[in-house]
Amino acid sequence: MKIGSMFNDILTSFFSAPVTENYPFEKPETADRFRGKLFFDPSKCTGCNLCSKDCPAKALEIVILDRTAKRFVARYNVDRCIYCAQCVQSCKFKCLGMSKDDWELAALNKELFAVNYGKEEDIAALLERFALPKTEPVEKV
Amino acid sequence: MTPITALLSIMFFPAGITLILSGMLYEWADRKLVARFQNRIGPRWYQPLADTLKLLTKEEIKPHGINSLLFYGLPIVALTGALTAALYSPILGLRPVSSFPGDLIVTLYLLSLLTMCMGLAGWNGSSRFSLIGATRSLTQLFAYEAPFLLALLGPAIVAGTWVIKDISAYAETHWMIFTQPVGFFIALIGLMGKLELPPFDAPEAETEIVAGALTEYSGRGLALFHIGKSVELVVAVSLVTAFYLGGIGNPLLFLFKTLVMVLLMAMLQSMLTRLRIDQTVGMWWRFGALLALFQILILVLLKGWLA
Amino acid sequence: MTTETHLQRAGEILAPFVKSTNNPESNRLDVQIAASDLPAAATALTDASWGYLAAITGMDLGVESNELEALYHFCEGAAVTTLRIHLPREGCPEIPSVSDKIPVASFFERELSEMLGITVVGTPDPSRLFLPDDWPPDVYPLRQGFKPEQAAALESAKAPEPDRAGNRFIVPIGPQHPALKEPGHFEFTVDGEIITAARMRLGYVHRGIEKATEQRNWIQNLYLLERICGICSHTHTSAYSQGVEKLAQVEVPQRALAIRELVAGLERIHSHLLWLGVVAHEAGFDTLFMYSWRDRETVMNLLEELTGNRVNYSICSLGGVKYDIGVEQSASIHKALDYLEERIRYYLDIVTTDTAFLQRTRGVGTMTYDEAIHFGALGPTARSSGVTRDVRLDAPYGAYKRFPVSIITDDRGDLEARFVVRMKELLVTCFTIRTIVDNLPSGEIATKFPRKIPAGETVSRVEAPRGEAFYYIKSAGGESPVRLHIRTPSLCNWTSVINKAVGHQLADAPMLIAGMDPCFSCNDRMVTVRKNNVSNTLTWSELREYGIKKYGQRK
């Protein structure tokens with residue numbers, strides 16, 4: 001017959017600090033392998049698109065502006081991504097990785113969720129194509 | 001006491017607004033202590049006040065097809081009962097605002113009025129959960145009320161009077177926790193039953209019957225019941241402290257003593273599982289009532305022998 | 001008895017009904033029988049105590065063959081016997097019920113009839129299990145011609161009226177209730193505080209995953225299946241990877257299998273600590289809830305360190321695992337396990353000695369050995385009644401031959417026994433994890449894996465923290481599976497809860513439901529608005545319009 005079997009725990013906790021983490025005032029340490037936001041290195045990409053084929057959430061798309069000149073832009077949808085890192089796995093050239101620190105990704109504006117990765121001039125060229133007025137036919141890549 | 005001072009003391013200090021605020025203070029202390037026992041941070045000091053204000057601003061939804069008078073009136077009656085009971089108890093370590101012969105019984109009755117109003121409100125509700133909650137609430141009332149009353153009667157018998165003011169005055173020189181430990185124990189546990197604190201919170205078991213008798217209440221009605229419960233906490237703890245832990249002397253010391261009581265209750269709350277209603281009733285009628293009767297018997301015999 | 005002898009015995013038992021047999025894999029026997037012979041065949045197997053009914057899979061074999069197929073899988077140790085019944089696709093295909101002998105079959109039969117349109121004659125409860133009541137009547141999702149547009153809700157559908165005859169007082173627990181962590185509907189008829197009858201309805205979280213797997217390639221399915229459940233996610237991916245690897249005939253390196261077992265063990269710790277907290281909360285013992293969930297953080301942080309995420313670890317890949325365990329991680333594992341073992345021993349002590357807690361759990365929901373077998377219970381729920389049913393013991397898969405676990409059973413069968421079994425299992429798991437970490441086989445962590453899996457079908461069974469998860473995977477040589485049937489363990493444990501609830505107090509009902517560690521996995525529903533005894537069933541869009549109209553008027 002034992003009443004109050006958790007008495008020791010209770011007493012210890014009363015005299016020690018609570019375990020609650022003080023987020024958002026103190027950002028917690030994440031592990032090295034933590035899967036945060038995706039980042040992309042266009043210099044190693046070959047445009048094989050295995051990453052986007054295997055993405056379960058259709059969050060990644062490699063737009064090939066010029067295959068021989070190695071101009072690739074990765075269009076990444078932060079809100080669609082499920083952070084599974086399958087693309088990182090599928091890429092044979094190690095172009096992709098998931099950030100350890102960038103994981104506070106909530107936003108009030110949906111436009112912020114469509115992220116383009118690549119060289120500056122490539123991204124500009126891509127956006128130009130999308131910004132064409134509707135009457136002109138869009139050039140096929 | 002002139003009518004003006006009486007009115008002021010009823011409305012502002014020490015009853016009325018001050019009482020409601022101190023109710024929130026005690027409730028906060030209880031929640032914070034339980035949280036600390038569970039290794040959490042717990043709410044900030046203004047949480048119960050914020051909760052009450054929020055509830056007062058919310059829409060009150062009355063379920064279809066129930067008695068409106070009861071629905072709107074019962075919270076008011078409940079809160080009134082609790083506030084009135086405070087007039088005769090030594091809250092905040094000050095002498096009771098008023099007193100008359102036999103006010104111990106009236107105070108206890110007024111405190112039970114709150115529980116009975118909750119039971120009636122639950123019966124009036126249209127959902128299954130409120131009916132079951134009301135039944136459990138009233139069943140529990142029958143269980144702990146008698147032992148609790150007997151535990152408070154112990155000091156009354158020894159002091160030789162039914163007036164709370166005089167019992168507290170007598171208790172200032174006699175610390176009855178040492179002379180009647182069993183009575184104190186019953187009073188402490190009975191206090192937890194009265195306030196429906198775990199392990200006696202079967203009437204409002206969140207995981208079984210949503211919120212018990214108060215399931216259908218929202219907005220103002222719920223806020224009033226809530227305030228009533230915290231006022232009941234202050235009054236009941238003050239009574240038990242005044243009787244057993246050395247009466248009213250220094251208000252600060254009294255405050256400290258009541259907070260020690262709250263600490264004890266928080267400790268018991270954290271350590272015990274909720275009892276089923278049949279187990280609650282069984283335990284009270286088997287152990288609680290017998291122990292209380294035993295204590296009273298001893299007191300009566302001793303008093304007769306010593307006199 | 002070895003698997004071959006089991007299969008031989010099954011062949012002998014089923015000899016009078018056999019139309020043709022086949023051994024698609026070394027541990028499986030496929031027996032074609034006629035629909036009319038089904039009850040006799042099932043009875044023959046049950047009477048000879050050959051295994052238990054693990055799942056009933058329904059398949060549409062396509063418009064060309066014009067046939068449906070129903071597979072009844074019975075498992076004994078590592079041997080799986082499947083009774084295959086071919087049914088015509090057109091008209092009203094019928095199959096007799098086996099639920100009079102095997103009560104758990106009634107859930108499977110309901111799923112079969114609503115998903116494929118096979119009428120099961122004689123089933124005790126023909127109502128829908130997963131699909132909502134306003135689903136159009138002749139539309140069967142798992143048939144091959146199904147298009148999502150066909151699933152438009154019916155305008156005139158009515159929810160089945162609960163039986164209001166007589167003076168019965170019905171307490172609904174769910175779909176919205178603080179006791180339930182996920183929605184489900186339980187109707188308890190009470191008399192005072194005693195429960196006199198119980199009914200349940202699932203389907204509130206149904207997401208159509210089985211159909212969705214047919215439209216995704218083999219790699220994408222890994223992540224879809226992982227998200228069936230948050231606390232058995234690794235089990236689902238292991239079962240799937242295992243099955244697909246068997247179909248592709250790829251041998252996974254030993255190191256990868258050991259890492260899979262290690263993560264499975266950590267997941268088991270996570271799941272059982274979570275469960276301990278949940279049941280303690282149902283009982284009103286919030287302190288135990290807070291402390292066990294505090295300790296669960298240790299496991300989750302460890303898993304984050306090993307795999308990158310606290311839940312949904314995604315460590316399995318087809319052909320191995322994604323992340324290796326190095327020296328640093330091994331040290332963290334040992335440190336975390338030191339802390340956890342001490343806490344688990346402490347919790348075991350609490351649940352067996354704390355008087356107040358024991359009052360709520362001792363003698364409550366007692367299920368005898370025979371009842372457990374009859375109701376088809378699985379996992380710790382069955383093991384706490386003395387049934388030694390554990391896939392890791394019966395049919396060791398992955399690295400379990402190299403790193404076996406000892407099986408914990410308890411004879412009492414009440415709620416307390418379920419606590420004891422789960423806590424002791426955790427102690428065994430901690431020991432196994434330490435052994436694996438100290439003896440990790442060297443080698444690669446993954447092998448090359450084809451993108452197109454050769455045609456075939458396979459059965460994959462894995463022990464989830466709740467019981468046996470049963471996967472049936474069929475490939476036609478393409479980039480996606482043709483049929484993926486998943487039978488989660490909680491589906492088999494419901495029958496025991498419903499039958500045991502009767503006679504207990506209402507206060508015990510949430511504990512009983514939580515005591516079997518349910519993991520609800522099913523569909524979205526509508527709302528019934530009752531006004532003056534006239535009930536009106538609204539669909540989701542109607543409810544939305546009703547809300548907009550009502551609150552718009554109040555300006």
Side-chain angles (χ1 to χ4, degrees), chain A residues 1-14 16-23 28-39 48-60 80-92 94 96-103 105, chain C residues 212 216-227 237 280 285-288 290-295 297-298 301-310 312-315 317-324 326 328-329 332 343 346-347 349-359 446 451 479:
Chain A
M1 162 99 172
K2 196 162 151 198
I3 299 190
S5 41
M6 295 199 78
F7 184 68
N8 288 331
D9 255 345
I10 291 177
L11 212 56
T12 325
S13 303
F14 191 61
S16 40
V19 282
T20 319
E21 284 179 11
N22 213 2
Y23 186 77
E29 265 296 307
T30 50
D32 286 332
R33 291 179 183 173
F34 189 77
R35 306 199 289 260
K37 191 169 164 191
L38 187 72
F39 54 85
C48 67
N49 254 307
L50 264 180
C51 52
S52 40
K53 262 192 232 155
D54 283 341
C55 176
K58 298 201 183 122
L60 185 60
R80 282 196 215 155
C81 179
I82 59 172
Y83 306 95
C84 65
Q86 176 60 45
C87 50
V88 178
Q89 194 79 7
S90 299
C91 180
K92 299 187 192 105
K94 308 253 183 298
L96 294 161
M98 297 211 97
S99 162
K100 166 178 167 328
D101 298 305
D102 196 0
W103 43 270
L105 301 168
Chain C
R216 286 163 171 71
N217 70 35
W218 296 97
I219 298 182
Q220 288 173 327
N221 277 331
L222 263 177
Y223 301 100
L224 177 66
L225 294 173
E226 187 179 49
R227 280 149 182 80
T237 40
F285 197 4
D286 276 338
T287 311
L288 183 58
M290 295 291 169
Y291 280 98
S292 55
W293 278 45
R294 182 194 72 175
D295 296 326
E297 294 289 312
T298 317
N301 287 334
L302 179 64
L303 280 163
E304 181 186 325
E305 197 182 321
L306 294 178
T307 65
N309 202 359
R310 284 151 56 97
N312 288 345
Y313 329 115
S314 313
I315 197 169
S317 67
L318 293 175
V321 292
K322 285 196 203 149
Y323 302 105
D324 202 356
E328 219 179 85
Q329 282 94 24
S332 310
R343 295 299 296 179
Y346 177 60
Y347 294 134
D349 185 52
I350 293 181
V351 300
T352 44
T353 58
D354 188 270
T355 323
F357 199 63
L358 282 176
Q359 269 189 323
R451 288 192 76 88
E479 290 212 345

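First the proteins, then the strands, lettered A, B, ... as listed; each starts at 1.
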Next item on the list: Without swapping roles, check the side chain of C:Gln220 against the backbone of A:Lys53 for a donor-acceptor pair under 3.5 Å.
Entry: yes

Gap between atom [atom2] of [Y] and atom [atom1] of [X] - 0.5 Å precision:
| X | Y | atom1 | atom2 | answer |
| --- | --- | --- | --- | --- |
| C:Tyr223 | A:Gln86 | OH | CD | 3.5 Å |
| A:Asp54 | C:Leu318 | CG | CG | 9.5 Å |
| A:Arg33 | C:Ile315 | CZ | CD1 | 7.5 Å |

Is it the backbone or the side chain of [X] that comes under 4.5 Å from a heavy atom of chain C, or both, or neither?
| X | value |
| --- | --- |
| A:Gln89 | side chain |
| A:Thr30 | both |
| A:Ala85 | both |

Is [X] in contact with chain A via its backbone, its side chain, both, or neither, using a 4.5 Å heavy-atom distance?
| X | result |
| --- | --- |
| C:Asn217 | side chain |
| C:Asn301 | neither |
| C:Gln329 | side chain |
| C:Leu288 | both |

Checklist line | salt bridge (Lys or Arg N to Asp or Glu O under 4.0 Å) against C:Asp286, all qualifying residues, sequence neighbours excluded | finding: none

Next item on the list: Give the minimum heavy-atom separation between A:Arg35 and C:Asn312, together with the two atoms involved.
Entry: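 It is NH2-O, 3.1 Å.
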
Check: For the residue pair C:Ser314 and A:Cys84, what are the closest heavy atoms and their distance?
Finding: CB-O, 4.0 Å

Should [X] and [Y] count as side-chain neighbours, where that means a heavy-atom distance under 4.5 Å?
| X | Y | answer |
| --- | --- | --- |
| A:Asp9 | C:Met290 | no |
| A:Met98 | C:Asn309 | no |
| C:Phe357 | A:Ser5 | no |

Note to self: For C:Glu479, I'd like to know if atom CD has over 12 heavy atoms of other residues, nucleotides or ligands within 6.0 Å.
What the structure shows: yes

Check: Highest number of heavy-atom pairs under 4.5 Å with chain A: which of C:Leu224, C:Asp349, C:Leu306, C:Leu222?
Finding: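 Answer, by heavy-atom pair count under 4.5 Å with chain A: C:Leu306.
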
Next item on the list: Please determine, among C:Arg310, C:Arg294, C:Arg227, the option with the most heavy-atom pairs under 4.5 Å with chain A.
Entry: C:Arg227

Note to self: Can you tell me which of A:Thr20, A:Ile82, A:Val88, A:Asp32 forms the most heavy-atom pairs within a distance under 4.5 Å of chain C?
What the structure shows: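 Heavy-atom pairs under 4.5 Å are most numerous for A:Ile82.
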
Notebook entry, point to check: Residues two or more places apart in sequence or in another chain: which of them pass side-chain hydrogen bond (donor to acceptor under 3.5 Å, both in side chains) with A:Asp101?
Noted result: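 For A:Asp101, no residue satisfies side-chain hydrogen bond (donor to acceptor under 3.5 Å, both in side chains) once neighbours in sequence are set aside.
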
